[in-house]
Peer 1: 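For reference, the structure I am asking about is given below.
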Amino acid sequence: MGKTDKAVLDVLLDRYGRTFAKEAGIKLADQPKPLYQLLVLALLLSARISAEVAVAAAKELFKAGYSTPRAMREASWQDRVDALGRGHYRRYDERTSTMLGKAAELLLDRWKGDLRRLRDEAGGDARRITQLLMEFPGIGPTGADIFLREVQAVWPQVAPHLDKRVLDGAEKLGLPRQERPLARLAHSNDELARLSAALVRVSRSKKTVDEVMAAAH
């Protein structure tokens, strides 16, 4: 790693290296409950809505007690709509409430509420995991990428997972745009997840790019 790359990386992680899971209050671990919470967050972040609103909506759902697939399924459709509304997730609240209910049901019926079973069914293969994730209502290619980007902190089988948005952010900062060379800049899978989240934020904002570059030089 060159001096410039290291300086950019340090600023990036220091200022923007919070995973979206952490922002939503999820203590990510290889356990059924936090993995399910991450799936909910990925579903919410998939809509054309700001990340801040999606995170706020996830917090409201969890605060209301819908932190497990069983609790989500047992909540009424209106309860879920109300929680989403409190997070200002308004344009998509009704459709999303339906998708959350159906996704919880699928997870319970097919994988007994445990996403580790999905991972094991896929043999830990990231492509197959992506295909299975996309069977959940509301999770498309974007949602699957979001989930894998964050879960690589606790699922070493899928690391490195650096999708186009992450690589776009890297390119804007003059960091490697290829997955393997970029992944080598991180010291652990946890740092890789943090780096991914930071680069996603950078990819959305020229102001952020300018700020990181100015602070690193």
Peer 1: Is it the case that over 12 heavy atoms from other parts of the model lie below 6.0 angstrom from the CZ atom of Arg70?
Peer 2: no
Peer 1: To the closest 0.5 Å, what do you measure between CD (Gln37) and OG (Ser67)?
Peer 2: 4.5 Å
Peer 1: With heavy-atom distances below 4.5 Å as the criterion, would you say the side chains of Pro137 and Lys102 are in contact?
Peer 2: yes
Peer 1: Grouping I, L, V, M, F, W and Y whenever their side-chain heavy atoms are under 4.5 Å apart, do Val81 and Met72 come out in a common cluster?
Peer 2: no
Peer 1: Just wondering, do Leu167 and Asp163 contact through their side chains at under 4.5 Å, heavy atoms?
Peer 2: no
Peer 1: Given side chains that start at C-beta, do those of Leu185 and Pro176 come closer than 4.5 Å, heavy atoms only?
Peer 2: yes
Peer 1: Does the salt bridge (Lys or Arg N to Asp or Glu O under 4.0 Å) test come out yes or no for Arg119 and Asp30, once each step is laid out?
Peer 2: CA-CA 11 Å; Arg119 177 195 64 202; Asp30 191 20; 3.1 Å; yes
Peer 1: Under 3.5 Å, which donor-acceptor pairs do the side chains of residues 208-217 form with other protein atoms, sequence neighbours left out?
Peer 2:
from, atom 1, to, atom 2, distance (Å)
Thr208, OG1, Ser205, OG, 2.8
Asp210, OD1, Lys206, NZ, 3.4
Asp210, OD2, Lys206, NZ, 2.9
Glu211, OE1, Tyr16, OH, 2.6
Glu211, OE2, Arg15, NH1, 2.8
Glu211, OE2, Tyr16, OH, 3.2
His217, ND1, Met213, O, 2.7

Peer 1: Is it true that Leu38 and Trp111 fall in one hydrophobic cluster, defined by side-chain heavy atoms closer than 4.5 Å?
Peer 2: yes
Peer 1: A side-chain contact here means heavy atoms from C-beta on lying under 4.5 Å apart; do Arg110 and Leu132 qualify?
Peer 2: yes
Peer 1: For Glu94 and Trp77, does a side-chain donor sit closer than 3.5 Å to a side-chain acceptor?
Peer 2: no
Peer 1: Of all heavy-atom pairs between Ala153 and Ala193, which one has the smallest distance, and what is that distance?
Peer 2: CB-CB, 3.8 Å
Peer 1: Any salt bridge linking Asp190 with Arg194? Criterion: basic side-chain nitrogen under 4.0 Å from a carboxylate oxygen.
Peer 2: no
Peer 1: Would you mind checking if Asp114 and Arg116 are paired as a salt bridge, meaning a charged N to carboxylate O distance below 4.0 Å?
Peer 2: yes
Peer 1: Got a list of side-chain donor-acceptor pairs under 3.5 Å for residues 52-60, not counting sequence neighbours?
Peer 2:
from, atom 1, to, atom 2, distance (Å)
Lys59, NZ, Glu23, O, 3.3
Glu60, OE1, Arg86, NE, 3.4

Peer 1: Determine whether Asp14 and Asp10 satisfy the following criterion, side-chain contact (heavy atoms from CB on, under 4.5 Å), listing intermediate values before the conclusion.
Peer 2: CA-CA 6 Å; Asp14 182 52; Asp10 288 347; over 6 Å; no
Peer 1: Within this structure, what is the CG-CZ distance for the pair Leu35 and Arg117, rounded to the nearest 0.5 Å?
Peer 2: 13.0 Å
Peer 1: Mind listing the closest non-hydrogen atom pair of Gly169 and Val202 along with its distance?
Peer 2: O-CG1, 3.8 Å
Peer 1: To the nearest 0.5 Å, tell me how far Ser203 OG sits from Glu171 CD.
Peer 2: 11.5 Å
Peer 1: If only atom types and distance count, is the side chain of Gln152 paired as donor or acceptor with the main-chain N or O of His161 below 3.5 Å?
Peer 2: yes
Peer 1: How far does CG of Leu39 sit from CD1 of Ile139, to the nearest 0.5 angstrom?
Peer 2: 5.0 Å
Peer 1: Decide side-chain contact (heavy atoms from CB on, under 4.5 Å) for Val40 and Leu44; before the verdict, give the C-alpha distance in whole Å, the side-chain angles of both, and the deciding distance to 0.1 Å.
Peer 2: CA-CA 6 Å; Val40 169; Leu44 296 172; 4.1 Å; yes
Peer 1: Which atoms form the tightest heavy-atom contact between Ala51 and Arg204, and what is the distance?
Peer 2: CB-NH1, 3.6 Å
Peer 1: Run through Leu43, Leu41, Ile49 and flag the one making a side chain to side chain contact (heavy atoms under 4.5 Å, CB included) with Leu45.
Peer 2: Leu41
Peer 1: What pair of heavy atoms forms the shortest contact from Val151 to Leu28, and how long is it?
Peer 2: CA-CD2, 4.2 Å
Peer 1: Run the salt bridge (Lys or Arg N to Asp or Glu O under 4.0 Å) check on Lys164 and Asp168 step by step: do they pass?
Peer 2: CA-CA 6 Å; Lys164 183 181 180 299; Asp168 285 349; 2.8 Å; yes
Peer 1: When you look at Leu192 and Arg149, which way does the side-chain contact (heavy atoms from CB on, under 4.5 Å) test go after all the steps?
Peer 2: CA-CA 8 Å; Leu192 193 57; Arg149 238 176 12 226; over 6 Å; no
Peer 1: So, the side chain of Arg201 versus the backbone of Arg18: is there a donor-acceptor pair under 3.5 Å, distance only?
Peer 2: yes
Peer 1: Is the number of heavy atoms from other residues, nucleotides or ligands under 6.0 Å of Arg95 CZ greater than 12?
Peer 2: no
Peer 1: Report yes if the side chains of Arg73 and Asp109 come closer than 4.5 Å at any heavy-atom pair, otherwise no.
Peer 2: yes
Peer 1: Please name the pair of heavy atoms, one in Leu61 and one in Ala83, separated by the smallest distance, quoted to 0.1 Å.
Peer 2: CD2-CB, 3.8 Å
Peer 1: Any donor-acceptor pair under 3.5 Å linking the side chain of Glu179 with the backbone of Leu162?
Peer 2: yes
Peer 1: If you compare all heavy atoms of Ile146 against all heavy atoms of Ser46, which two are closest, and at what distance to 0.1 Å?
Peer 2: CD1-N, 4.3 Å
Peer 1: Between atom CG of Leu182 and atom CG of Leu9, what is the distance when rounded to the nearest 0.5 Å?
Peer 2: 8.5 Å
Peer 1: Does the pair Asp145/Arg165 count as a salt bridge with the N-to-O cut at 4.0 Å?
Peer 2: no
Peer 1: Check whether NZ of the Lys or CZ of the Arg Arg48 lies under 6.0 Å from the centre of the six-membered ring of Tyr92 and within 45 degrees of that ring's axis.
Peer 2: no
Peer 1: I need the Leu173 CG to Asp5 CG distance, nearest 0.5 Å.
Peer 2: 10.0 Å
Peer 1: So if I apply the ring-ring contact (aromatic ring centres under 6.0 Å, His included) rule between Phe147 and each of Phe20, Tyr36, Trp155, which one comes out positive?
Peer 2: Trp155
Peer 1: Under the salt bridge (Lys or Arg N to Asp or Glu O under 4.0 Å) rule, what do Asp93 and Arg80 come out as? Steps first, then yes or no, please.
Peer 2: CA-CA 8 Å; Asp93 54 354; Arg80 293 192 296 261; over 6 Å; no
